[in-house]
Amino acid sequence: MNFYDSYYRWFYSAYDCIEETERFSQVRERIENMYSFTYLQKVTPKWNQELTDNLMADTGLKRQEDFYRNYLKAYEGKNRVIVIISDAFRYECAKELMERLELDEKCTPKLECMISGLPSVTSVGMASLLPHKELQVDDKLNVIVDGQNCGDLVSRDKILKTQNENNVALAFDDLIHANQERLRELLQGKNIVYIYHNQVDARGDKPASENEVFKACEESIEEIHRLIHRLTMYLSAPKFFVTADHGFLYKRDKLHEFDKVSYDREICAYSNKRFLLTTQKVNEPGMKSRLMAYMNNLYVTTPIGADIFKVVGGGQNYVHGGSSIQEMLIPVIELTMNTRAVAYDYVDVILTSVNRKVTNLITYFDFIQTEKVTDTMKARSLVAYFTTEDGEKISFDVPIVANSREEAPEKRTFHEKFTLKSREYKYGDKYYLVLADANDEKNILQQYEFMIDIAFVDDFGF
């Protein structure tokens with residue numbers, strides 16, 4: 001499943017960087033048709049056929065509402081456990097984060113999945129991840145956890161503290177920019193720490209920015225990775241979990257009005273593009289009704305395909321709440337930090353191109369990873385770019401992942417493309433090619449002096 005979703009996301013991430021998109025309109029149309037009709041409209045009905053009418057029955061997958069019991073209960077009163085909950089962090093995004101974490105030999109990541117409840121929305125998903133005996137959801141999607149509200153950070157913190165007074169709920173933004181002293185102040189002596197991150201849903205749920213959702217996915221992967229790195233660098237945190245409240249469906253092309261699913265408003269207590277709360281079971285073609293135990297005798301009715309209901313309001317590209325695999329398959333990354341002390345260092349990357357003069361806005365250079373990755377030589381992620389003598393960036397960032405385990409040096413080389421900014425370059429000024437740590441760009445690993453001699457620079461820029 002994540003193979004198709006990932007490549008669809010990567011395609012649009014690249015496509016959105018192109019200025020002259022008309023040249024690729026036929027490619028885009030073909031990709032869109034393949035994803036929407038060859039993939040989604042075939043896979044989603046089959047997934048719905050396999051789901052039982054009552055999702056509380058055994059599906060063969062762990063249930064999201066059992067998350068605390070399955071993963072965290074055993075750690076109560078013991079070592080610190082960090083739980084990062086990223087709103088709408090889809091399974092395929094977690095897989096990409098997992099691949100990054102696997103580069104770090106000081107940790108052991110494991111990726112599993114859970115099935116969410118319905119509707120697959122934030123209020124239900126966030127409540128399901130909290131410790132609880134009983135959930136109650138009303139017809140406005142307000143959720144009560146063991147008699148307590150849980151719609152905000154303060155309420156969730158209170159619920160966590162009913163299990164253990166040393167548990168805490170925190171916002172991602174309060175931690176990512178905090179210095180070491182502040183991090184210790186927030187987390188010292190804490191047991192189970194829930195950290196709430198919201199990048200994907202914050203962008204996708206707004207009609208004006210829903211087409212930025214794939215950019216938000218990339219930023220989420222980077223931000224979560226960076227937070228894990230900071231917390232392990234500054235604090236003792238032997239165990240992490242990364243999970244989500246729900247996933248999402250995204251298609252670039254909007255549906256036509258005649259493609260949207262109509263429904264009987266007489267029996268509808270709540271309507272959404274991907275689900276309805278109905279007072280009775282709906283037996284119409286293309287719909288499926290399920291009676292959830294926590295819904296107070298309301299049925300959750302969803303399209304069996306990737307369609308949306310005909311409801312008012314903007315935003316059709318990014319949707320969630322329904323019963324597709326993309327919305328309901330919730331990732332769980334369990335990250336165990338290796339406590340055994342190991343002496344290690346990072347591999348180096350150096351420039352091998354001899355020429356130190358740039359004569360075109362687009363130029364190529366060769367690099368080599370000086371050592372292979374071993375048990376004592378860790379992989380390294382870098383970013384390369386050109387700067388002025390004052391440190392101003394004058395090129396796109398070029399990511400380099402040095403993770404080769406090849407013995408032969410010629411198999412550890414990189415041929416990278418650099419695109420300089422369209423501007424005036426003064427002959428005789430000093431410019432630099434910089435190699436910096438991708439996790440901390442202030443940590444400059446290599447720096448090479450260059451001359452830039454470009455006879456003519458156009459006015460287009462980048």
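Start at 1 with the first residue, then count along the sequence. As a basis for the values below, the full set of heavy atoms in this structure was taken, side chains included, without hydrogen atoms, waters or symmetry mates.
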Do [X] and [Y] touch side chain to side chain, with heavy atoms closer than 4.5 Å?
{"X": "Leu160", "Y": "Val168", "answer": "no"}
{"X": "Val332", "Y": "Leu111", "answer": "no"}
{"X": "Leu61", "Y": "Met114", "answer": "no"}
{"X": "Tyr194", "Y": "Leu72", "answer": "yes"}
{"X": "Ile333", "Y": "Phe241", "answer": "no"}
{"X": "Leu351", "Y": "Gln446", "answer": "no"}
{"X": "Ser86", "Y": "Glu223", "answer": "no"}
{"X": "Phe172", "Y": "Asn198", "answer": "no"}

Nearest heavy-atom pair of [X] and [Y]: which atoms, and what distance?
{"X": "Leu175", "Y": "Arg230", "answer": "O-NE, 4.1 Å"}
{"X": "Leu433", "Y": "Phe418", "answer": "CD1-CE2, 3.6 Å"}
{"X": "Gln64", "Y": "Gly117", "answer": "OE1-N, 3.9 Å"}
{"X": "Val373", "Y": "Lys378", "answer": "CG2-C, 4.4 Å"}
{"X": "Ile159", "Y": "Pro131", "answer": "CG2-O, 3.7 Å"}
{"X": "Ile444", "Y": "Val434", "answer": "CG2-CG1, 3.8 Å"}

Short N-O contact, [X] and [Y], less than 4.0 angstrom:
{"X": "Glu185", "Y": "Arg182", "answer": "yes"}
{"X": "Lys357", "Y": "Asp453", "answer": "yes"}
{"X": "Glu371", "Y": "Arg412", "answer": "no"}
{"X": "Glu50", "Y": "Lys46", "answer": "no"}
{"X": "Arg90", "Y": "Glu327", "answer": "no"}
{"X": "Lys393", "Y": "Asp397", "answer": "yes"}
{"X": "Arg28", "Y": "Asp253", "answer": "yes"}
{"X": "Glu407", "Y": "Lys372", "answer": "yes"}
{"X": "Glu112", "Y": "Lys62", "answer": "yes"}
{"X": "Arg380", "Y": "Asp348", "answer": "yes"}
{"X": "Asp157", "Y": "Lys161", "answer": "yes"}

Quick check: are there more than 12 heavy atoms from other residues, nucleotides or ligands sitting under 6.0 Å from [atom1] of [X]?
{"X": "Lys78", "atom1": "NZ", "answer": "no"}
{"X": "Lys190", "atom1": "NZ", "answer": "yes"}
{"X": "Glu449", "atom1": "CD", "answer": "yes"}
{"X": "Glu410", "atom1": "CD", "answer": "yes"}
{"X": "Met34", "atom1": "CE", "answer": "no"}
{"X": "Lys239", "atom1": "NZ", "answer": "yes"}

Distance-only polar pair, side chains of [X] and [Y], donor-acceptor under 3.5 Å:
{"X": "Asn360", "Y": "Thr363", "answer": "no"}
{"X": "Tyr250", "Y": "Asn211", "answer": "yes"}
{"X": "Asn48", "Y": "Ser323", "answer": "yes"}
{"X": "Ser404", "Y": "Gln369", "answer": "no"}
{"X": "Ser13", "Y": "Glu218", "answer": "yes"}
{"X": "Tyr234", "Y": "Asn179", "answer": "no"}
{"X": "Gln41", "Y": "Asp307", "answer": "yes"}
{"X": "His229", "Y": "Asn439", "answer": "no"}

Could you list the residues that satisfy side chain to side chain contact (heavy atoms under 4.5 Å, CB included) with Ile31, not counting sequence neighbours? Tyr8, Phe11, Val27

Within 45° of the axis and under 6.0 Å from the centre of the six-membered ring of Tyr12, does NZ or CZ of Arg252 qualify? yes

Taking the six-membered ring of Tyr425, is the NZ or CZ of Arg423 close enough (under 6.0 Å from the centre) and on axis enough (within 45°)?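 Geometry flag: set, cation within 6.0 Å and 45°.
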
Yes or no on side-chain contact (heavy atoms from CB on, under 4.5 Å) for Leu249 and Arg274, after CA distance, side-chain angles and deciding distance? CA-CA 10 Å; Leu249 271 177; Arg274 284 290 292 160; 3.7 Å; yes

Quick one: do Tyr75 and Val83 satisfy side-chain contact (heavy atoms from CB on, under 4.5 Å)? Show the steps, please. CA-CA 12 Å; Tyr75 296 100; Val83 182; over 6 Å; no

State which residue, out of Lys73, His132, Glu76, fulfils the side-chain hydrogen bond (donor to acceptor under 3.5 Å, both in side chains) condition with Tyr68. Glu76

Taking [X] for the side chain and [Y] for the main chain, is one N or O donor matched with an acceptor at less than 3.5 Å?
{"X": "His320", "Y": "Ser120", "value": "yes"}
{"X": "Ser209", "Y": "Arg203", "value": "yes"}
{"X": "Thr243", "Y": "Pro331", "value": "yes"}
{"X": "Thr388", "Y": "Tyr431", "value": "no"}
{"X": "Asn164", "Y": "Asn191", "value": "no"}

Test applied, ring pair (Phe, Tyr, Trp, His ring centres under 6.0 Å); reference residue, Phe386; option that passes from Tyr448, Phe396, Tyr432, Phe450: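 The passing option is Phe450.
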
Please report the interatomic distance [atom1]([X]) to [atom2]([Y]), rounded to the nearest 0.5 Å.
{"X": "Arg80", "Y": "Leu187", "atom1": "CZ", "atom2": "CG", "result": "5.5 Å"}
{"X": "Phe214", "Y": "Asp5", "atom1": "CZ", "atom2": "CG", "result": "8.0 Å"}
{"X": "Leu382", "Y": "Ile400", "atom1": "CG", "atom2": "CD1", "result": "6.0 Å"}
{"X": "Ile330", "Y": "Leu129", "atom1": "CD1", "atom2": "CG", "result": "8.0 Å"}
{"X": "Asp205", "Y": "Asp201", "atom1": "CG", "atom2": "CG", "result": "4.0 Å"}
{"X": "Ser6", "Y": "Tyr91", "atom1": "OG", "atom2": "OH", "result": "10.0 Å"}

Using side-chain contact (heavy atoms from CB on, under 4.5 Å), reason through Tyr385 and Glu441 one step at a time and then give a plain yes or no. CA-CA 11 Å; Tyr385 50 85; Glu441 285 196 30; 3.7 Å; yes

Over 60° means perpendicular and under 30° means parallel, so tell me whether Tyr7 and Trp10 are parallel, tilted or perpendicular.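 Tyr7 vs Trp10 ring planes: perpendicular.
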
